There are 2 protein chains.
Amino acid sequence: MAAKARVSRPSMADVGKRANVSAQTVSRYFTGVGYVGAETRERIAAAIEELGYVPNQSARTLRTSRTNSVGVLAIGAFNYGSASVLTGLGLAAREADVTLTIAQLDLDFEAKGWEPEARRALSHFKSVQVDGVVVSTPLPGVDRLLQDWDQSTPLITVSELPSSDEGTAGTHSYAAGHEATLHLIGLGHREILHVAGPVTRNEALERERGYRAAMEGAGLSPHVLHAATDWSSVSGFQAGELADPATFTAVFASNDEIALGFLSAMERRGVRAPGDFSIVGVDDMPAAAYFSPPLTTMRLDFRALGMATFKMLHHQIVTGERGQHYVVEPELVLRESTAPPART
Amino acid sequence: MAAKARVSRPSMADVGKRANVSAQTVSRYFTGVGYVGAETRERIAAAIEELGYVPNQSARTLRTSRTNSVGVLAIGAFNYGSASVLTGLGLAAREADVTLTIAQLDLDFEAKGWEPEARRALSHFKSVQVDGVVVSTPLPGVDRLLQDWDQSTPLITVSELPSSDEGTAGTHSYAAGHEATLHLIGLGHREILHVAGPVTRNEALERERGYRAAMEGAGLSPHVLHAATDWSSVSGFQAGELADPATFTAVFASNDEIALGFLSAMERRGVRAPGDFSIVGVDDMPAAAYFSPPLTTMRLDFRALGMATFKMLHHQIVTGERGQHYVVEPELVLRESTAPPART
DNA sequence: TAACTTACGTCAACCGGTTGACCAATTATT
DNA sequence: AATAATTGGTCAACCGGTTGACGTAAGTTA
């Protein structure tokens with residue numbers, strides 16, 4: 001035992017001393033450059049174990065400017081979709097031995113203007129030198145942020161309808177709106193109401209576009225209710241209170257939660273699905289199968305989106321290649337909330 | 001312009017050169033120690049802006065061993081509860097200018113044994129020198145992890161029924177189970193089934209304990225159905241398929257999603273709440289108010305839990321004091337899924 | 001026997017800040 | 001007029017790894 005009291009954590013030199021090798025050999029042990037004998041390797045491993053040595057990531061980063069971490073820019077609250085994307089990101093990151101550093105926007109970012117805050121977050125990511133960045137804020141105008149982004153660190157946005165090839169991923173919300181509406185049209189409905197999601201979200205806008213295209217394609221006039229300020233069932237309920245059941249035989253709701261709220265408001269008036277009207281949502285959250293009635297919906301695999309997004313980013317980090325993109329295609333899940341119309 | 005091409009980011013020295021001050025004065029500008037005149041301060045700020053200078057966090061950490069980040073150990077998937085806790089943590093962290101670094105356990109951590117993985121995550125946190133750690137994995141046995149945790153960096157567990165005073169936070173699930181059951185008893189129910197949550201979660205165990213205590217306190221015999229492998233409505237539905245409606249007049253479900261699945265299974269048999277049976281859940285997830293019928297439930301404010309947890313941890317980080325704890329008390333939210341029994 | 005390969009050791013520079021010691025000039029206060 | 005307080009510069013050590021250059025031995029292969 002050395003007389004010197006050690007307050008700080010053990011360093012490479014301490015490990016080397018314990019294993020009767022030089023600190024540089026310990027470095028070789030970790031980095032893999034140069035030769036380290038099998039027996040020496042074991043002695044080093046033992047010394048690490050005994051001392052409880054953990055390498056200092058800051059020192060490593062300072063020298064190598066790599067951190068094995070990626071930054072995630074997210075909106076304030078995690079609902080089903082964003083939480084699932086985060087889950088997917090995290091799972092894929094775990095597999096690649098990368099950790100996520102998350103920066104959240106303020107809850108009322110819409111009012112305050114989220115741009116300065118987003119810039120601060122990105123600047124923070126530069127400060128900690130993340131190896132890559134995921135921008136998971138599907139807000140109209142995120143593109144502006146990325147223009148003055150340093151091209152040298154990979155960045156990928158998980159947004160709507162990745163039009164460009166440049167490292168984007170997202171759900172195909174336009175298709176979701178389109179197919180959902182076609183399903184209702186196919187059942188014979190002609191008066192189809194769209195309960196839109198929050199106008200401040202790209203997904204909501206795309207789903208509405210898809211709906212409108214399907215309606216116009218069939219020669220039907222679109223009827224959109226913009227009552228939602230968020231993705232919650234509260235918004236759906238409020239929309240349901242505003243809607244007149246006499247004016248539609250089917251509803252396309254921008255997501256499952258809104259559909260749930262709408263169903264609830266209708267039931268209060270004695271109007272029920274699928275007898276009195278049909279309704280289809282988007283997301284297929286786990287609970288949707290147990291709504292009353294079980295909800296027909298466009299499934300979107302958010303977790304797979306998160307995993308694929310991370311994998312693309314990671315690929316870009318290690319190889320330097322970019323230009324991929326990934327789109328989650330929606331899938332119609334038929335359940336009991338849709339049926340042919342009772343009246344035409 | 002210097003002839004030397006600069007590939008790397010600007011450093012403090014570059015800022016100093018631009019502002020006609022020394023690099024040390026720039027350091028004073030950031031750290032606040034020593035004097036920097038108002039006019040000089042402006043020149044430095046301008047130079048930072050012009051160069052797009054961002055301090056190198058690794059260099060800072062290497063010297064100061066502070067990171068302005070806290071680690072969060074979370075389970076694999078984010079459902080309503082854990083996502084809300086994370087939201088709260090993130091919002092409070094944002095306010096304190098701290099970022100979260102998250103480490104997720106594998107999805108099937110239950111099968112594989114989560115301890116080694118959790119240890120790896122904690123070791124990673126040591127490696128990056130987080131200022132504090134939040135252990136948000138309400139698994140039986142987390143205590144074992146903490147025994148060999150280095151006391152010098154603050155750690156707080158968000159778990160069940162924080163018995164000790166030593167920096168813990170959590171929901172009072174026992175009380176939730178107890179009060180929910182008392183509510184049903186108070187309505188006149190005597191045959192009350194408990195649909196338990198996953199036995200691998202502390203909350204589920206505590207809610208069951210609370211239920212049992214209330215039943216036994218009223219001289220009633222508890223009847224517990226252990227069908228859930230997770231917190232999902234699928235589990236609730238499966239439990240509902242196993243349950244015999246003739247054996248109970250009321251149900252206490254371990255959370256809202258399970259209650260939803262159970263309701264759905266019952267409805268398939270033509271058994272409805274609140275006419276045929278009463279049911280109460282736990283969580284009060286936003287959708288619960290729009291279930292059919294709207295669900296009576298024990299509200300738990302997970303976001304507040306997350307925010308309080310972070311604030312406690314942060315207080316501990318800056319002051320060094322510990323010994324606080326925070327408990328989220330459940331609150332009974334009366335809706336339409338409970339009523340006095342039709343039969344006794 | 002020469003030429004590699006393997007397995008280390010020893011310096012030393014470097015990453016980019018922080019911190020302390022020390023000095024010098026102005027301005028403000030007693 | 002003497003003593004502070006304020007402002008800012010210089011030099012150098014330090015945090016804990018990584019990386020390169022160079023040297024030395026042993027064992028292997030041509």
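Just so it is clear, the model here is predicted, and its values are computed rather than measured. Chain naming here is simple, since letters A, B, ... match the order of the sequence lines and numbering starts at 1 in each.
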Closest to side chain of R66(B), choosing from dG17(C), dA13(C), dT19(C): dT19(C)
Rounded distance (Å) that lies between atom P of dA7(C) and atom CZ of R41(A): 9 Å
Separation of dC8(C) C1' from I44(A) CD1 (nearest whole Å): 10 Å
From dT6(D), dC8(C), dG17(D), nucleotide with atom closest to N56(A) side chain: dG17(D)
Atom pair distance, as rounded to whole Å: CG in L62(B) and C1' in dT18(D): 12 Å
Distance below 4.0 Å between R63(A) side-chain N/O and dG17(D) OP1 or OP2: no
Separation of dC15(D) P from D14(A) CG (nearest whole Å): 12 Å
Under 4.0 angstrom between T25(B) side-chain N/O and dG9(D) OP1 or OP2: yes
Whole angstrom value for the distance that separates P of dT19(C) from CZ of F30(B): 14 Å
Minimum-distance nucleotide (side-chain atoms of A59(A) versus dG17(D), dG16(C), dC8(C)): dG17(D)
N/O donor-acceptor pair, side chain R28(A) with base dG9(C), under 3.5 angstrom: yes
Pairwise distance OG(S152(B)) to NZ(K126(B)) - rounded to 0.5 angstrom: 8.0 Å
Donor-acceptor contact below 3.5 Å, side chain D131(A) vs main chain N68(A): yes
Atom pair distance, as rounded to whole Å: CD in Q129(B) and C1' in dC15(D): 9 Å
Sugar-phosphate, base or nothing in reach of Y29(A), heavy atoms under 4.0 Å: nothing
Lys NZ or Arg CZ of R60(A) over F30(A) ring: under 6.0 Å, within 45°: yes
Sugar-phosphate only, base, or nothing, as touched by V33(A) at under 4.0 Å among non-hydrogen atoms: nothing
Within 45° cone and under 6.0 Å: R43(A) NZ/CZ vs Y29(A) ring: no
Gap between atoms CZ and C1', on R60(A) and dC15(D) respectively (whole Å): 15 Å
Sugar-phosphate only, base, or nothing, as touched by S27(A) at under 4.0 Å among non-hydrogen atoms: base
Interatomic distance, N20(A) CG vs dG9(C) P [rounded to whole Å]: 9 Å
Q24(B) side-chain proximity, nearest of dA12(D), dC8(C), dG17(D): dA12(D)
Touch class at under 4.0 angstrom, heavy-atom based, for T40(A) against every strand present: sugar-phosphate
Exercise: do S22(A) and T25(A) side chains pair donor with acceptor under 3.5 Å: yes
Of the listed nucleotides dT6(D), dG9(D), dT19(C), the one nearest the side chain of Y35(B): dT6(D)
